[in-house]
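Right, one structure below, let's go through it.
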2 protein chains.
Amino acid sequence: MRLRLAFVGFGVVGQGVAEVLRDKGRQLAERYGIELAITAITDAKKGAVADPKGLDPAKVLAWLEAHGTLAGYPAPVSGWDSLTTIRKAEADVVVEASWTDVKTGGPALEHFRTCFAAGKHLVTTNKGPMVVAPLEMIELALQAGVELRWEGTVMSGTPVISTARRGLAGCTISGFSGILNGTTNFMLTEMEGGRSYDDVLKQAQALGYAEADPSGDVLGWDAAGKVVILANTVLHVPLKLADVKITTGITRITLDDVRSAAAAGERWKLVAEARVDGGKVKAQVLPQRLPLANPLAGVMGPTNAVTFHTDLVGPVTIVGAGAGRSQTAFAVISDLLDIHRTLVERQA
Amino acid sequence: MRLRLAFVGFGVVGQGVAEVLRDKGRQLAERYGIELAITAITDAKKGAVADPKGLDPAKVLAWLEAHGTLAGYPAPVSGWDSLTTIRKAEADVVVEASWTDVKTGGPALEHFRTCFAAGKHLVTTNKGPMVVAPLEMIELALQAGVELRWEGTVMSGTPVISTARRGLAGCTISGFSGILNGTTNFMLTEMEGGRSYDDVLKQAQALGYAEADPSGDVLGWDAAGKVVILANTVLHVPLKLADVKITTGITRITLDDVRSAAAAGERWKLVAEARVDGGKVKAQVLPQRLPLANPLAGVMGPTNAVTFHTDLVGPVTIVGAGAGRSQTAFAVISDLLDIHRTLVERQA
């Protein structure tokens, strides 16, 4: 089956997906019978192009590489803004990977609503709307009769959402504990080598793991957003970002703390967790000293992990990449394959 | 949708599934719209009953508890053998959890073939046919137009097969490394406490982890069977049990070995793995000294784990139960929910 894609946001994630389509598009077609065609791209900084016959990902990427913009790219349509693209592009699925704002949802909220109103399926890596209004987004998609997937909002392409919602369906999941921010886990790992918080923060910034203002990572806000997404869409409890208990993140952890934990056979981790108890949910992102026998204690560097606590099968832990270009691009590919499978079954 | 189930084999797994249906049947119906009815049970030792209107799982379990056999249970039909049950029971899905023989496939091979010939879906926890003839079984199911699921053959209900085949679809998985036998991992963990191989083997036998003849576990044959299943159904390469390199399993590992590994910051694990390289597959189950930073090194006690090596998202590790009554029962429930989802989509 052919799925026509409209990209809203064409930064690292969007370009990463285009690269996968360029490099593996034929393999995906042979293996899964899916034909993925890009019919529109819009990006606030890079401009917009559309072609109902399909844009060649190799040519678009080469043009962007050469010119730094989509302006001037030969296509029947150019210059559409996000909402126009969502409404007018001849697309079956909108791939939303635009600017993320977990406090307000940002313009992505309007992108989502417009997409559902236009009767188009939606795949997103954008945490904003899934933190601010996850249950409303799921309900709107349901009412519109379209598919919505958000694998890439938590731990990039590591299959966390799909495993929890599909693979563990039938279990009751009472809670989860995770390492959901790679920057801080990288920093804590590096501090074990004897380097100070300030030193490893500078290194994380140099490597592109941390931003100039690192507070979203180091205080725990980024992880808290993922807690909200998992609580709402896996635990099925309404939880707001403001309900997640956060204090000083990892900012107060010293080399002495790291050393004394190691001496006791333990390790500091920024643990992001939520638990449902008696119908109420308790959620927090706090630094904790974990015994080394805890599966989360062995997760090192920028790697992420989450343990789901289930009734029938006990704890299930998934360890994998938390970020990265091809990793997050894969989340989109994975979601597109899942939607494709659903649509093919419906045709059968 | 209502799915009528015929159980072939009613030991720990079959009874575990009946317990879940007794305890959570209503919850499953409310949450997923699935109604699971047991219309037939056959077991070589416990006898057989069938009722097209459905057998009450609570009553059947209570009868079995009281009498140790299904003989005399009030039902319209009794005494059907496995093949008759598969052919004649008014069932949509056969749940195959009979005696496992990974060398020949055992009678389960004929159960599978008869099930496909009868046009019934099949859920199995039986490694036998999926080790001896996995690709043939998948092909037969495809030709018959029925669904086949085997989540419970590897790591019980921990979602390994579904995550690798669905959650990681779109990636190329080039190999995997795992701890796929809980008995030996329990023994190695206990040996770290300073107890000898013979002592911990006796404890494993007392706990029911190891059998009187422990060779299937300690030499690595059990893990090798799971390597074959994952190689064929996740890596998509034809691999036979005889092709898996096995030597002495954990039988030659001494307390001194365990201590010297610990002194070097390493840990002995029985690592089960396969890797595809240049179209060829290399598979083995060998004891290895892993650095503690390897995610498999931190997996302790009877817990299992497997790391899949992928092109787009890097290594993805799943850690969870490798066995257990409710854990393996959940594998069946999970597979039934997956088939149900597929059938519902087809109706849509």
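Here is how names work: the chains are called A, B, and so on, in the same order as the sequence lines, proteins then strands, and each is numbered from 1.
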**Asked** Hey, which of Leu168(A), Thr158(A), Thr342(A) has the most heavy atom pairs under 4.5 Å with chain B?
**Response** Leu168(A)
**Between OG1 on residue Thr163(B) and CD1 on residue Ile318(A), distance to nearest 0.5 Å** = 6.0 Å
**Prompt:** Do you know the tightest heavy-atom contact between Gly167(A) and Ser334(B)?
**Reply:** O-OG, 3.6 Å
**Item:** Close contacts, residues 302-317 of chain A versus chain B, judged by heavy atoms under 4.5 Å
**Value:** Asp311(A), Leu312(A), Val313(A), Pro315(A), Val316(A), Thr317(A)
**Message:** Which one wins on heavy-atom pair count under 4.5 Å against chain A: Thr172(B), Val299(B), Ile161(B)?
**Reply:** Thr172(B)
**Which atoms of Arg166(A) approach chain B - backbone, side chain, both or neither, heavy atom under 4.5 Å** = both
**Prompt:** What part of Leu28(B) lies closer than 4.5 angstrom to a heavy atom of chain A: side chain, backbone, both or neither?
**Reply:** side chain
**Item:** Minimum side-chain heavy-atom gap Met300(A)-Leu292(B) below 4.5 Å
**Value:** no
**Asked** Closest approach of Ala169(A) and Arg341(B), non-hydrogen atoms and distance?
**Response** CB-NH2, 4.0 Å
**Message:** Quick check: closest heavy atoms across Gly170(A) and Phe330(B), and the distance to 0.1 Å?
**Reply:** C-CE1, 3.9 Å
**Request:** For each of Leu337(A), Asp335(A), Thr328(A), Asp338(A), tally heavy-atom pairs with chain B at distances under 4.5 Å, and name the one with the top tally.
**Result:** Leu337(A)
**Asked** For chain A, which residues of residues 20-27 of chain B have at least one non-hydrogen atom nearer than 4.5 Å to it?
**Response** Val20(B), Lys24(B), Gln27(B)
**Asked** Looking at CZ of Arg346(A) and CD of Gln347(B), how far apart are the two atoms once the value is rounded to the nearest 0.5 Å?
**Response** 12.5 Å
